[in-house]
Amino acid sequence: MSSPTRLRFCPSPTGVPHVGMIRTALFNWAYARHTGATFVFRIEDTDPARDSEESYLQLLDALRWLGLDWDEGVEVGGPHGPYRQSERMDLYAMVARRLVEAGFAYESFSTPEEVEARHRAAGRPPKLGYDGYDRSTTPEQREAYLAAGRRPVLRVRMPDQDIAFDDLVRGRVVFKAGSVPDFAITRGGGQPLYTLTNPVDDAFMRISHVLRGEDLLSSTPRQIVLHRALVELGLSQSVPLFGHLPYVMGEGNKKLSKRDPQSNLFHHRDRGFLPEGLVNYLALLGWSIAPDRDVFTASEMVAAFDVADVNPNPARFDLKKAEAINAAHMRLLAPAEFARRLVRPLHLAGLVAAPEWDRLDAREQAILTAAAPLVQQRMTLLGEAVGMLGFFFAPDDAVDFEPAALARLLPASRDLLEAALAALLGLGAWTASDIHGALDAALVEALGVKPRDAFTPLRTAVTGRRVSPPLFESMEILGRESCLARVERLRLLPELD
RNA sequence: GGCUCCGUCGUCUAGUGGCCCAGGACGCCGCCCUCUCAAGGCGGUGACGCCGGUUCGAAUCCGGUCGGAGCUACCA
């Protein structure tokens, strides 16, 4: 009987969520959902010096924002908990003891300095790694070390044979015998290290597929050796399958640095990325859904995703492309939904009273409902709504005329505004097409001004900007009274002279 | 140095021996549309790192070479 498919995402809560890490979460999630597997969310907080509760909370926030849900793990529980390693210390101590008793691991008293000194003395490169010296510690030596106050780390004995596995994305990978030194699984004080806790939890949580970053590829032979030991001890059924996802690169030819703001998931959220857009773009980092298509939803990804199709090449995080994908998702949103997404950035900029649609007043809702469709095709990021829609919410006498808009006005602008005012004053119905028609007749036809020149002063008067949503539709939404007041205000502006 | 991974347009990729003098997307350039800006439409730019081999035929298979990356902790 084959064991059920189970995947996991197991970050360390250090720092802010990184897009590379989230890409890993996404691929695990997508593969789990595609195969009907169980998706486990575990926290690897075994390093008190670096882990933080704040970071843990941000991880939850990130996955929830993106819609990556999990079946077992922190917050939701499950049969293999607890799901924070800091709460599983007894388990690691027990496993470590069993490993030593069975001879898979041994106490190692050597300090890094001593190891290096031995390498030098033997004429070997000093940075060769641990030399296996303590494999043969005698009881007498052990007593002497202990008496001298030394506390041993535990190391796993690496077998003297090649270690091979079939990587889910790279195919067969072989590490030559002798190339991987015996590795530490606990600190000198007995605290377990990642090298122990990660495979132990994968074993006890019955993880079948390990999908992780390429940076962990070289630690795989060690984990396989440990898994085999656990199987022999009867603590585990089998060694999981491994798949190593390509790096997410930044500028130049290096991994996207944690220092780079682009690596910060929340940086993108704050700029106005849609979760749909970011998920879609992240999916493209090492995978593609079809030869001629790159805009898709999370559920379409789930339907199509197979780890065997993942490309092993490192992928560069390209903001321009990410924004283009996001823009496509903006246009895919139903107009009403798009309007709702605008509320938060607008509120953050002080333009509307509340951060949620339902708490907006009727006037704000009406403006947004009418204005949102005007900008939906014109935006890449939600944050751009602030600049594009700000004039709708500003008082008529406080519309901010940007210098670039003022600079484009001609000497004849005042006459144009006056003619426009006259035409608008006599207008019956106040609809975009009526406004357009009246203005066309009064300015373009009667005065012989090119449309472009005729409407530029009006655009500045009404919106304060050089670039704006469509003018006539904007005027309809704003209403006759506001428009007349704004045109009059610009007409009287001293700067026009 | 050792070990391991990777190598198709600037970038992300499609491609698993003939459909490829290599397809799509982003970017960039041009044109159309047009009240600004977008969107949209049309067109253009641009790549199989190199050398051998296998084969009637190679981006695809093999060998070598060059280049890039990661790891080489009592971090994860």
Side-chain angles (χ1 to χ4, degrees), chain A residues 10-14 44-47 49-51 108 110-112 124-130 151-155 167 169-170 173-176 178-181 183-195 197-198 212-221 244 246-247 249 253-255 281 284-295 311-325 327-328 330-331 374-380 384 388 405 408 436 439-440 443-444 450-456 458-460 463 465-474:
Chain A
C10 55
S12 290
T14 61
E44 307 215 328
D45 52 349
T46 53
D47 187 354
R50 297 173 58 207
D51 302 325
S108 171
S110 296
T111 65
R124 295 186 296 256
K127 291 190 65 183
L128 216 48
Y130 181 69
R151 291 291 170 268
V153 305
L154 257 28
R155 287 184 188 278
D167 191 281
V169 346
R170 283 149 218 278
V173 177
V174 182
F175 286 80
K176 281 199 289 215
S179 68
V180 184
F183 61 99
I185 55 173
T186 65
R187 290 192 165 95
Q191 305 93 331
L193 257 14
Y194 160 83
T195 48
T197 62
N198 180 276
R212 41 153 43 167
E214 183 181 346
D215 51 330
L216 292 170
L217 184 54
S218 55
S219 72
T220 306
H244 290 90
Y247 282 108
M249 315 285 281
N253 261 344
K254 48 190 197 312
K255 281 169 68 180
Y281 179 65
L284 258 15
L285 262 20
W287 182 74
S288 72
I289 194 167
D292 56 355
R293 181 159 170 241
D294 59 13
V295 175
N311 184 325
N313 301 354
R316 194 176 309 275
F317 188 91
D318 181 355
L319 227 211
K320 281 271 185 35
K321 173 100 180 198
E323 290 177 349
I325 295 289
M330 291 271 200
R331 285 161 218 130
L374 262 34
V375 295
Q376 192 167 3
Q377 309 262 281
R378 284 161 228 274
M379 287 172 40
T380 295
E384 293 162 10
M388 300 194 88
R408 279 173 78 101
H436 193 175
L439 258 13
D440 234 357
L443 306 178
V444 180
K450 281 189 294 190
R452 183 191 185 93
D453 296 329
F455 302 135
T456 294
L458 276 170
R459 184 184 309 285
T460 303
T463 71
R465 311 191 119 232
R466 186 175 69 75
V467 174
S468 80
L471 180 59
F472 311 115
E473 285 80 356
S474 296

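Naming convention: chains lettered A, B, ... in sequence-line order (proteins, then strands); numbering from 1 in each chain.
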Is the A/His436 ring parallel, tilted or perpendicular to the A/Phe455 ring (thresholds 30°, 60°)?
perpendicular
Looking at B/C6, B/C35, B/G70, which one has an atom nearest to any side-chain atom of A/Arg170?
B/C6
All N/O contacts under 3.5 Å from nucleotides 72-76 of chain B to the protein, with atom names and distances to one decimal?
from	atom 1	to	atom 2	distance (Å)
B/C74	OP2	A/Arg155	NH2	3.2
B/C74	O2	A/Gly188	N	2.7
B/C75	OP1	A/Arg187	NE	3.3
B/C75	OP2	A/Arg187	NE	3.3
B/C75	O2'	A/Asp47	OD2	2.8
B/C75	O2'	A/Arg50	NH1	2.5
B/C75	O2	A/Arg50	NH1	3.3
B/A76	OP1	A/Thr46	OG1	2.9
B/A76	OP2	A/Tyr194	N	2.9
B/A76	O3'	A/Ser12	OG	2.4
B/A76	O2'	A/Ser12	OG	2.8

Checking A/Ser468 side chain against A/Arg465 main chain: does a donor-acceptor pair fall under 3.5 Å?
no
Applying a 3.5 Å limit to both distances, which nucleotide forms a Watson-Crick or G-U wobble pair with B/C9?
none
Below 4.5 Å, heavy atoms only, C-beta onward: do A/Asn311 and A/Pro246 meet side chain to side chain?
no
Under-3.5 Å N/O pairs linking protein and nucleotides 13-17 of chain B:
from	atom 1	to	atom 2	distance (Å)
B/U13	OP1	A/Gly286	N	3.1
B/A14	OP2	A/Asn311	ND2	2.9

Show the distances under 3.5 angstrom between N or O atoms of the protein and N or O atoms of nucleotides 63-67 of chain B.
none

Does a salt bridge link A/Glu214 with A/Arg170, judged by any charged N lying under 4.0 Å from a carboxylate O?
yes
Nearest listed nucleotide, side chain of A/Arg378, among B/G70, B/C37, B/A39:
B/C37
Could you run down the sub-3.5 Å N/O contacts of the protein with nucleotides 58-62 of chain B?
none

Is it the case that the side chain of A/Gln377 and the backbone of A/Arg331 share a donor-acceptor pair, with hydrogens and angles ignored and the cut-off at 3.5 Å?
no
Please tell me if A/Arg452 has a side-chain N or O lying less than 4.0 Å from either OP1 or OP2 of B/U36.
yes
Base, sugar-phosphate, or nothing: which does A/Pro451 touch, judged by heavy atoms less than 4.0 Å apart?
sugar-phosphate
A/Arg466 or A/Val180: which one's nearest nucleotide on RNA chain B is closer to the 5' end?
A/Val180
For the residue pair A/Ile325 and A/Leu284, what are the closest heavy atoms and their distance?
CD1-CD2, 3.9 Å
Only pairs with both distances under 3.5 Å count, Watson-Crick or wobble alike; so what is the partner of B/C28 in this structure?
B/G44
Taking for each residue the nucleotide of RNA chain B with the nearest heavy atom, is it A/Lys255 or A/Ser468 whose nucleotide lies nearer the 5' end?
A/Ser468
Under 3.5 Å on both distances, the Watson-Crick or G-U partner of B/C61:
B/G53
Sugar-phosphate, base or nothing in reach of A/Leu471, heavy atoms under 4.0 Å:
base
List for me each residue that meets side-chain hydrogen bond (donor to acceptor under 3.5 Å, both in side chains) alongside A/Arg452, sequence neighbours excluded, and say none if there are none.
none
For A/Val375, answer base if it contacts any base atom (sugar-phosphate contacts may also be present), sugar-phosphate if it contacts only those atoms, and nothing otherwise; contact means non-hydrogen atoms under 4.0 Å.
nothing
Could you report the tightest heavy-atom contact between A/Thr186 and A/Leu154, atom names first, then the distance?
OG1-N, 3.1 Å
In whole angstrom, what separates A/Asp294's CG from B/U11's P?
17 Å
For B/U16, which nucleotide is its Watson-Crick or G-U wobble mate, given both distances must be under 3.5 Å?
none
Round to a whole Å and report the spacing from OH of A/Tyr247 to P of B/C12.
16 Å
Within the structure shown, what part of the strands sits under 4.0 Å from A/Arg331 by heavy-atom distance: base, sugar-phosphate, or nothing?
sugar-phosphate
Identified pairing partner of B/U72, criterion: Watson-Crick or G-U wobble below 3.5 Å:
B/G1
With a 4.0 Å cut-off on heavy atoms, is A/Glu473 in touch with a base, just the backbone sugar-phosphate, or nothing at all?
base
Using 0.5 Å steps for rounding, measure from the CG atom of A/Leu216 to the NE2 atom of A/His244.
6.0 Å
Any side-chain donor near an acceptor of the partner, A/Arg212 and A/Thr220, under 3.5 Å
yes
Round to the nearest Å and state the distance from A/Phe455 atom CZ to B/C35 atom C1'.
6 Å
Does either side chain, that of A/Ser108 or that of A/Arg155, offer a donor lying less than 3.5 Å from an acceptor on the other one?
yes
Looking for any heavy atom pair under 4.0 Å, which part of the strands does A/Val295 touch: base, sugar-phosphate only, or nothing?
nothing
Could you list all N or O pairs between the protein and nucleotides 27-32 of chain B that sit under 3.5 Å apart?
none

